[in-house]
Amino acid sequence: MLNVIREQPTHVSQQTRSLPYDVVALVLQGGGALGAYQAGVYEGLHEAGIRPNWLAGISIGALNAAIIAGSPEDERVGRLRTFWESICAAPVEWPAGEGLANALPFAFDFNSLHNTMAAMRALFQGQPGFFKPRFPSPLWSPFSGDAATSFYDTSPLQRTLEKLVDFDRLNSGEVRVSVGAVNVRTGNLTYFDTAERDLGPKHFMASGALPPGFPSVEIEGEHYWDGGVVSNTPLSRVLSGEARDTLTFQIDLWSARGRVPYDMMEVSSRQKDIQYSSRTRAVTDQALRMQKMRQALQRTIERLPSSAKDDPEIRALADLARHRSHNIIHLIYQSKIYEGHSKDYEFGLKAMRAHWQSGLEDIRRTLADPRRLEPPPPDVGIVTHDVHRRY
């Protein structure tokens, strides 16, 4: 059973803000326990009256997207909180706390100890409403299939999604949802998209089926793993669509930039950051090149005689050359100094609430400058904003 932790209600705007864009997208990266940062960002968007009409996610980002799109508008933040408070609860508390830290004969950062214990709990006990360890271990399993190819059983997650997500609402077309998973047989990234099909719990579980921890998910005879195995951020899915003015809130959980590691623990942590971080610069550079090509094509078509402009092929080219305005608000979770290589499976309530608060503060800081929501000039076409960027 899910344990609902009731919070004091926060101020939520009752007025949806009108923005000069056809699409307002929320792009959510994978990152396990760090995904509470995305929930905090969404709370800030919601209280500001910003309602995304396209949600694109990978892994934990896909699960957050399912809860947002599958909830009534006034219950979205509450259901996100219920999800995170539930899956981060400790099934059995271990005897660790300030008392243990104080008893050590040397100085020790309690936050680091607390997070380490949360990670150990997740590894050995699983997390309620999310996953549970297999017994016997797949290394010794006499069985085949999921029992021999994954360390954890994710059936609790399916029950959680069925309880918290209204899939009829999610598939209603009110909000478009796209989640990425990789086909285990072909190795190709696939997007399950409500613009093309109805989605159910298994599509979101497939997006978060990170091996070897979680089993692949079978959908229509094919098996799928976590989309982050191939690409951890679905930004290109949003930018490669039709010619529409788009405001994108891209919420990343891993930072591509970081210092050179000084020990083996930092090597492991830095490797994860690089492996799972977004290639936002590559995607936006490609979008900018396409924008310049469209502008050049527009100028070429304008030089043609009127009779030539009526040609069906020229009209098709003119349609492809239409101006697109892309504004990307890029928020990247900033790791705390005490977080290490296990930060993505430190499913403790204290860490989760800190991640959530960081997301809420970052989006409030971002939206404090209204100019960040303005479309870029036509001659630019694409602009990015990041409150953490160091110039």
Side-chain angles (χ1 to χ4, degrees), residues 5-21 23-31 33-57 60-85 88 164 175 177 233-235 238 246-255 278 280 327-336 349-374 383-389:
I5 309 298
R6 300 203 177 275
E7 301 281 332
Q8 291 297 318
T10 56
H11 171 70
V12 175
S13 172
Q14 299 301 313
Q15 182 66 40
T16 301
R17 182 182 299 190
S18 178
L19 296 169
Y21 299 94
V23 173
V24 178
L26 182 60
V27 174
L28 304 174
Q29 191 182 72
L34 301 176
Y37 176 81
Q38 298 170 341
V41 171
Y42 180 78
E43 180 181 357
L45 291 174
H46 198 79
E47 72 179 13
I50 297 174
R51 306 290 187 264
N53 54 21
W54 190 350
L55 304 174
I60 197 66
L63 300 184
N64 282 330
I67 294 168
I68 295 168
S71 302
E73 189 173 293
D74 60 349
E75 296 181 19
R76 290 173 178 172
V77 175
R79 290 199 192 182
L80 279 171
R81 194 173 297 280
T82 296
F83 173 73
W84 280 99
E85 295 276 359
C88 289
L164 288 178
V175 177
V177 181
T233 304
L235 177 62
V238 171
T246 303
L247 170 64
T248 301
F249 292 92
Q250 181 182 330
I251 318 303
D252 288 359
L253 304 177
W254 306 92
S255 177
S278 293
T280 303
N327 183 353
I328 301 172
I329 308 285
H330 193 190
L331 297 183
I332 308 173
Y333 173 68
Q334 305 297 297
S335 292
K336 310 296 190 295
L349 285 172
K350 184 175 181 180
M352 180 276 291
R353 290 167 181 161
H355 297 151
W356 186 300
Q357 188 62 29
S358 293
L360 182 57
E361 291 173 357
D362 282 354
I363 190 61
R364 283 174 174 170
R365 180 182 166 194
T366 297
L367 298 178
D369 184 350
R371 293 174 298 178
R372 293 196 173 104
L373 297 178
E374 295 175 358
V383 65
T384 61
H385 300 280
D386 178 2
V387 292
H388 294 295
R389 182 182 298 157

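Numbers here are sequence positions counted from 1.
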Next on the checklist: Could you report the tightest heavy-atom contact between I67 and F83, atom names first, then the distance?
Outcome noted: CD1-CG, 3.3 Å
Checklist entry - Considering the options M352, R79, H355, Q38, which one meets the side chain to side chain contact (heavy atoms under 4.5 Å, CB included) requirement together with W84? => result M352
Checklist entry - Do you know the tightest heavy-atom contact between W356 and A39? => result CZ3-CB, 3.4 Å
Checklist entry - Step by step, would you call E47 with R364 a side chain to side chain contact (heavy atoms under 4.5 Å, CB included)? => result CA-CA 9 Å; E47 72 179 13; R364 283 174 174 170; 2.6 Å; yes
Checklist entry - Roughly how far, to the nearest 0.5 Å, is the CD1 atom of I68 from the CG atom of L45? => result 8.5 Å
Next on the checklist: Is any side-chain heavy atom of L80 closer than 4.5 Å to one of N64?
Outcome noted: yes
Item to check | Flag side-chain contact, heavy atom, 4.5 Å: F249 against I50 | outcome: yes
Next on the checklist: Would you say that Y42 contacts V77 through its side chain, given a criterion of any heavy-atom pair below 4.5 Å between the two side chains?
Outcome noted: yes
Item to check | Taking every non-hydrogen atom, the tightest pair across P234 and V27 | outcome: CD-CG1, 3.7 Å
Checklist outcome for this item: The residue among D362, I329, L373 that forms side chain to side chain contact (heavy atoms under 4.5 Å, CB included) with L367 is L373
Item to check | With sequence neighbours excluded, residues passing side chain to side chain donor-acceptor pair (under 3.5 Å) with N53 | outcome: none
Checklist entry - At what distance, to the nearest 0.5 angstrom, does CZ of R81 lie from CZ of R353? => result 8.5 Å
Checklist outcome for this item: Looking only at heavy atoms, the pair that brings A56 and V238 closest together is CB-CG2, 4.1 Å
Item to check | Verdict with supporting geometry, R372 and T366, side chain to side chain contact (heavy atoms under 4.5 Å, CB included) | outcome: CA-CA 7 Å; R372 293 196 173 104; T366 297; 3.9 Å; yes
Item to check | Qualifying residue, where the test is side chain to side chain contact (heavy atoms under 4.5 Å, CB included) with D252 and the options are D386, L331, T233 | outcome: T233
Item to check | Non-hydrogen side-chain atoms of R17 and R51 separated by less than 4.5 Å | outcome: no
Next on the checklist: Quick check for you: to the nearest 0.5 Å, what is the distance between Y37 atom OH and I251 atom CD1?
Outcome noted: 6.5 Å
Next on the checklist: Using 0.5 Å steps for rounding, measure from the NE2 atom of H330 to the CD1 atom of I328.
Outcome noted: 8.5 Å
Item to check | Minimal non-hydrogen separation, G359 against V41, with atom names | outcome: O-CG2, 3.5 Å
Item to check | I332 backbone acceptor or donor facing Q334 side chain under 3.5 Å | outcome: yes
Item to check | Min side-chain heavy-atom separation S255-H388 under 4.5 Å | outcome: no
Checklist entry - Is it the case that N327 and Y21 place a side-chain donor and acceptor less than 3.5 Å from each other? => result yes
Item to check | For L28 against A65, the heavy-atom pair lying closest together | outcome: CD1-N, 4.1 Å
Checklist entry - Does the distance from a Lys or Arg side-chain N to an Asp or Glu carboxylate O, for R76 and E43, drop under 4.0 Å? => result no
Next on the checklist: As a quick check of understanding, evaluate side chain to side chain contact (heavy atoms under 4.5 Å, CB included) for T246 and W54, giving each step before the final call.
Outcome noted: CA-CA 10 Å; T246 303; W54 190 350; over 6 Å; no
